[in-house]
Amino acid sequence: MVCRFSTKLLNICIASLCKVGQLEKAEAVVIDGIRLGLLPDVVTYNTLLSAYSRFVGIDAAYSVIHRMKEAGISPDVITYNSLIAAATKRCLLSRSLDLFEEMLRTGIRPDVWSYNSLMHCFFKLGKPDEANRVFQDIILTNLLPSSSTFNIMINGLCNNGYTGYALSLYRYLQRQGFVPELVTYNILINGLCKSRKLNAARRILRELGESGNVPDAITYTTVMKCCFRSRQFEQGFEIFSEMKSKGYAFDAFSYCAVIAALTKTGRLEEANDIMEQMARSDIDLDIVSYNTVMNLYCRNGKLEATYKLLDEIEEHGLECDEYTHTILIDGLCKAGNVEGALRHLKNMTKMGFDSTLVAQNCVIDGLCKVGQLDHAIKMFASMEVKDSFTYSSMVHNLCKARRYRHASRLLLACLRGGMKILRANQRSVIDGLCYSGYTSEARRLKSKIRLARILHY
DNA sequence: GTAGGGTTAG
């Protein structure tokens, strides 16, 4: 009895160290405990596992599960739930599904937390129907849904393009007595902003204010980002200032949102100021923060500093992602080094990145800017996937070279594919055709554009 | 032991 009580105390001590990421000290306490004859139990290992997953990585978390098995302690539902949630968070979705099956195989009964994670996983996989089936299972069986069940459901519906359903579910649940939490409001505001339902988003923001909840840094970042997305930059920057004056702590999310927006609008000095503020703070930079800074360096034309940053990323044990490489490729293009950009694009393909579309678009534009239009046309023809940026770039540059009939063909191909193209580009093609005497072609193009608009909007 | 916000191109 005395011994069990002491292990409990030991676990409390370990948990408090794990909470602040002091993993070495926590491990030392485990060893001290063993010396005193207090063997770690399932709670000890679960505590360590979630801390390793949070502060180190998923592999470190897996090694804890091996350690506990070696010590003869069986993982329980909490062990599996932690691992499944960690895998889902990192988009290792097949691992999450495997773990869920493994849990069933070993005879551990999943609880509502396990089902919540499974639902989240299906949403991330872009399988809303399967997620919905899990949701129905939770509702129809004896499992009591938690508020997170509803939050995950609302968020998943939003992320899979069903904001309308998300909103109806939210209203229905409210009528059933569900009291939304701050997270619920943040989820809805974000989902509605992303699908450009700004009036609905404003309504939810108002409801949040009336609910007695206080918006947090996430609410602010969400609304700020929403302004940037709808090109209301001044309003977004005002929100950033408001956050500051109200004493909210900035984290990497809010810093990156505002630095990126300042960079995009060419307000580089202000962007540099804020970037330095972020560097001076005690925030650990992750890959997204590095990408944001790197993009700013590229815009400043500081390619050497950019390469130094790449070393720094490596030194910190972080991995460059699709964004990092794309930003570098664009930076090389903007500096006129298209050869370098092409080389790096090849590397990127070799590295096995799924999508290099944005990077290819940057190179197409770069080639045109250095006068290699025919090279760009060749590259364009060889691309398997194209989007509206690809077409816009080509149309714009063909017009600049007065090759209006070629531009007109691409413009039509773009519209036929259901993609939008900048009005300014459409205008240039029509005006160019008229100017060079192809008036009837210009007329035909106009009517085809009108038809495409009717068909696709 | 879950759920929410941030980075790239015309």
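We name chains A, B, ... by the order of the sequence lines, and we start the count at 1 in each one.
Of the candidates B:dT2, B:dT8, B:dG5, B:dT8 carries the atom nearest the A:I327 side chain, counting heavy atoms from C-beta on. Closest to the A:K225 side chain, of the nucleotides B:dT2, B:dT7, B:dA3, is B:dT7. Residue A:I218 places its side chain closer to B:dG5 than to any other of B:dA9, B:dG5, B:dA3. You'll find that the side chain of A:D365 is closest to B:dG10, out of B:dG10, B:dG6, B:dA3. The side chain of A:R229 approaches B:dG6 more closely than any other nucleotide in the set B:dG6, B:dA9, B:dT2. In this structure, the nucleotide among B:dT8, B:dA3, B:dG6 sitting nearest to the side chain of A:F253 is B:dG6. The nucleotide whose nearest atom lies closest to any side-chain atom of A:E181 is, among B:dA3, B:dT7, B:dG6, B:dA3. Side-chain proximity of A:D286 to the nucleotides B:dG10, B:dG6, B:dA9 is greatest for B:dG6.
Among the heavy atoms of the strands, none lies under 4.0 Å from A:N425. Contact annotation for A:T79: no contact, since no heavy-atom pair falls under 4.0 Å across all strands. Within 4.0 Å (heavy atoms only), A:N116 reaches at least one base atom of the nucleic acid. Using a 4.0 Å heavy-atom cutoff across all strands shown, A:S388 reaches at least one base atom of the nucleic acid. As judged by a 4.0 angstrom heavy-atom cut-off over every strand, A:A359 is placed among residues making no nucleic acid contact.
Every residue meeting the side-chain contact (heavy atoms from CB on, under 4.5 Å) condition with A:A260, not counting sequence neighbours, appears here in chain and number order: A:T292. Every side-chain contact (heavy atoms from CB on, under 4.5 Å) that A:A335 has, sequence neighbours left out, goes to A:L303.
We find that CE of A:M278 is positioned 15 Å from C1' of B:dG5, with the value rounded to whole Å. When the C1' atom of B:dT7 is taken as reference, atom CG of A:D251 falls 14 Å away, rounded to whole Å. Between A:M275 atom CE and B:dG6 atom C1' there is a gap of 16 Å when expressed in whole angstrom units. We find that CG of A:N155 is positioned 12 Å from C1' of B:dT2, with the value rounded to whole Å. Atom-to-atom, CD1 of A:I154 to C1' of B:dT2 comes out at 15 Å; the value is rounded to the nearest Å.
Within the model, atoms CE of A:M348 and OG1 of A:T356 stand 6.0 Å from one another, a figure rounded to the nearest 0.5 Å.
The one candidate from A:L309, A:N291, A:N295, A:L310 that meets the side-chain contact (heavy atoms from CB on, under 4.5 Å) condition with A:L328 is A:L310.
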